[in-house]
Structure formats: structure tokens, C-alpha cells
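First the structure, in the form of C-alpha cells, and then the observations on it.
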Amino acid sequence: LTVVVDLNVAIAVGVVMASMLFMHRMAELQDVELGPGPMVGEDEDEPAPAEPLDVVMQDGVLCVLLLRDKPPAVSAWLPWALDIDGRSLPAAAAAPAQVTLEQRLQTLREAVVQRQWFDPWLFELDDDAAPAEVVAPWAAGFALAAERWPLPLRRGPAGDEALALIYQYLDPDDWPVAASLAERIDELEPPGTLAEAVEDLVRAVLLLSDLTGPRAAAARPGARARRS
């Protein structure tokens, strides 16, 4: 593909293909019945099917995992990735999705360590969708994972700057961290395009990597300031 078109297009196509494969594997999990036990109101003989997070939220979750010097074991985070209630799937059913998630985690980790750009997995909505709508599920996945596995981050100007770039896309009434960052978020310029919103997510992960997890020698990127 790179022989025919430029590298940026080739990378974009690769991201889309990987996302489609992952979505296919997630869809397969929804047909898997699992335990322990039935949920309230359900027949005891019919365990509820798995309810995996969507691929966009998964990408946000993985970025939290890589931002730890000692990430939780796969056995700790995989059940929550593949089922919203954290129920364990049969090994044979979970294996394909586990391979995809671990490969994606490694790709993200390498990009962050080398301070390279990475493309968050996102679903582009209709043409009228605001950039914030597109990236909000990614931010929600990040926030969910950060609640379950808190980042080893001491709150301060640098950390708040990075977190604000992500939590600006979440409702402060639903997310206490977003509410606590209200003053810092108000200083940011809302993204005018999807490209700017994506830049916020990538920049935030790189900023946080300087404070919590994989680090590199390159200079720390800054955040956009609100236009006067």
C-alpha cells in the first residue's frame, strides 16, 4: 500500500483495519455465555452474555495501563475489558481478543516510549457531530480505567494540565475528576476540529508518561491555550 499512496494514508488504513478486526472479535464475545451466576431477574439456566466495552473505550483503558511503571497483570484487567461486570470468559473465547488487546497495548507503549504520534481508535460520527462527541467515549474509557487502577500521579500543575486535556470531554456532573479540573479546563481552547481533539488525547498521554510511566528524553509538549 505504501508504494501506491503516502505513508499517512497507509497508517490510517492500517488503524481502520485493526479496529475492524477488534470490533469483530468483540462482537463474537457477545454470544458467549459466562458466569458466575445469573443476574437479577434472569433465568438461572441462562447466564447473561458478555458485555465488552466498545473498541474506542478499550483504547482509553489501554492508555491508562501503559501509564504505569508496573501495570496490573493481564489476568486483572482482561476480564474488565471483555465484560463490563468483570466476569471471566472461557479461555478459548477470550484468547482472540486478548491477543489483539495485548498487541495494541504494546504498540501504544512503544509509541509513548519513543515519543511518537499514535492514532487513537475512534469512530467518526456523522458530519454534524462535534469533535468532543467523537472523542468522549475514548475519554470515558480512560477515566473508567483510572478509577479502577489510579495513576501514580501527584496532582499539581503539570498533572492537571495533562488530565484536563482528556477530562474536558466528560460531564463534570458524572466524573468528579472532571469537576475538580473545572478551572484548568476553562483555560483550554475547545477543539475546533477532530484533528485538534485527537491531538489533545495524544498530547495528554505523552504528558502523563513523563509523570507516571514510560518516559523519553524529548521535550515535554505543551497544551493549547485559550485564544484571547
Side-chain angles (χ1 to χ4, degrees), residues 15-36 39 42 47-68 71-109 111-112 118-125 129 131-151 163 165-171 174-178 194 197-198 200-202 204-205 208 213:
V15 170
V16 171
M17 293 177 66
S19 299
M20 291 177 65
L21 174 62
F22 183 69
M23 287 186 288
H24 173 70
R25 289 176 172 174
M26 291 297 101
E28 290 178 338
L29 292 180
Q30 293 179 342
D31 295 328
V32 177
E33 294 183 350
L34 42 80
M39 299 180 71
E42 293 182 333
E51 296 183 49
L53 299 180
D54 68 44
V55 63
V56 178
M57 296 183 72
Q58 286 292 356
D59 213 45
V61 169
L62 294 178
C63 282
V64 169
L65 298 179
L66 71 86
L67 287 173
R68 303 179 62 90
V74 174
S75 59
W77 61 260
L78 186 64
W80 294 98
L82 302 185
D83 180 67
I84 196 169
D85 293 317
R87 296 167 295 177
S88 297
L89 275 70
Q98 178 178 347
V99 170
T100 301
L101 286 169
E102 290 191 290
Q103 288 175 342
R104 175 61 174 170
L105 181 59
Q106 182 60 29
T107 297
L108 290 169
R109 180 177 288 112
V112 169
F118 63 88
D119 290 303
W121 282 352
L122 300 171
F123 293 137
E124 289 196 44
L125 306 177
E133 292 182 72
V134 178
V135 302
W138 191 101
F142 183 98
L144 281 172
E147 286 185 349
R148 179 161 292 280
W149 301 286
L151 294 174
L163 292 174
L165 289 169
I166 295 174
Y167 282 84
Q168 66 175 315
Y169 299 112
L170 300 177
D171 188 338
D174 297 328
W175 301 93
V177 174
L194 180 56
V198 170
D200 283 340
L201 303 183
V202 175
V205 172
L208 289 168

> Looking only at heavy atoms, which two atoms of L194 and P131 are closest? And how far apart?
Replying inline: N-CG, 3.7 Å
>> Is the shortest side-chain heavy-atom distance between W138 and C63 below 4.5 Å?
In response: yes
> Within the side chain of R104, is there an N or O that forms a donor-acceptor pair under 3.5 Å with the backbone of Q58?
Replying inline: no
>> Measuring from atom CZ of R68 to atom CG of L66, what distance do you get when rounded to the nearest 0.5 angstrom?
In response: 11.5 Å
> So, for A136 and L170, which heavy atoms are closest and what is the spacing to 0.1 Å?
Replying inline: O-CD2, 3.8 Å
> Taking the side chain as C-beta and beyond, is there a heavy-atom pair between V202 and D119 under 4.5 Å?
Replying inline: no
> To the nearest 0.5 Å, how far apart are CG in D83 and CG in L53?
Replying inline: 9.0 Å
> How many angstroms lie between CD in Q103 and CD in Q106, if you round to the nearest 0.5 Å?
Replying inline: 10.0 Å
>> Using the rule given for side chain to side chain contact (heavy atoms under 4.5 Å, CB included), can you reason through W80 versus L144, listing the C-alpha separation, both sets of side-chain angles and the distance that settles it, and then say yes or no?
In response: CA-CA 10 Å; W80 294 98; L144 281 172; over 6 Å; no
> Would you call T107 and F118 a side-chain contact if the rule is heavy atoms closer than 4.5 Å?
Replying inline: no
> Are V61 and F142 side-chain neighbours, meaning at least one heavy-atom pair lies under 4.5 Å?
Replying inline: no
> If you take all heavy atoms of E133 and A129, which pair is closest and at what distance?
Replying inline: OE2-CA, 3.7 Å
> Quick check: does any side chain N or O of D54 sit under 3.5 Å from a backbone N or O of V56, one acting as donor and the other as acceptor?
Replying inline: yes
> Would F123 and V134 count as a side chain to side chain contact (heavy atoms under 4.5 Å, CB included) if you check the C-alpha gap in whole Å, the side-chain angles of each, and the deciding distance to 0.1 Å?
Replying inline: CA-CA 7 Å; F123 293 137; V134 178; 5.9 Å; no
> What pair of heavy atoms forms the shortest contact from L67 to V205, and how long is it?
Replying inline: CD2-O, 3.6 Å
>> Quick check: closest heavy atoms across P79 and G86, and the distance to 0.1 Å?
In response: CB-O, 3.5 Å
> Side chain of D59, backbone of P120: donor and acceptor closer than 3.5 Å?
Replying inline: no
> Is the backbone of L165 close enough, under 3.5 Å, to the side chain of Q168 for a donor and an acceptor to pair up by distance?
Replying inline: yes
>> Within this structure, what is the CG-CG distance for the pair L108 and L65, rounded to the nearest 0.5 Å?
In response: 10.0 Å
> Closest approach of Y169 and D200, non-hydrogen atoms and distance?
Replying inline: OH-OD2, 2.6 Å
> Can you tell me how far the CZ atom of R109 sits from the CG atom of L62, to the nearest 0.5 Å?
Replying inline: 9.5 Å
> With a 4.5 Å limit on heavy-atom distance, are the side chains of R148 and W77 in contact?
Replying inline: no
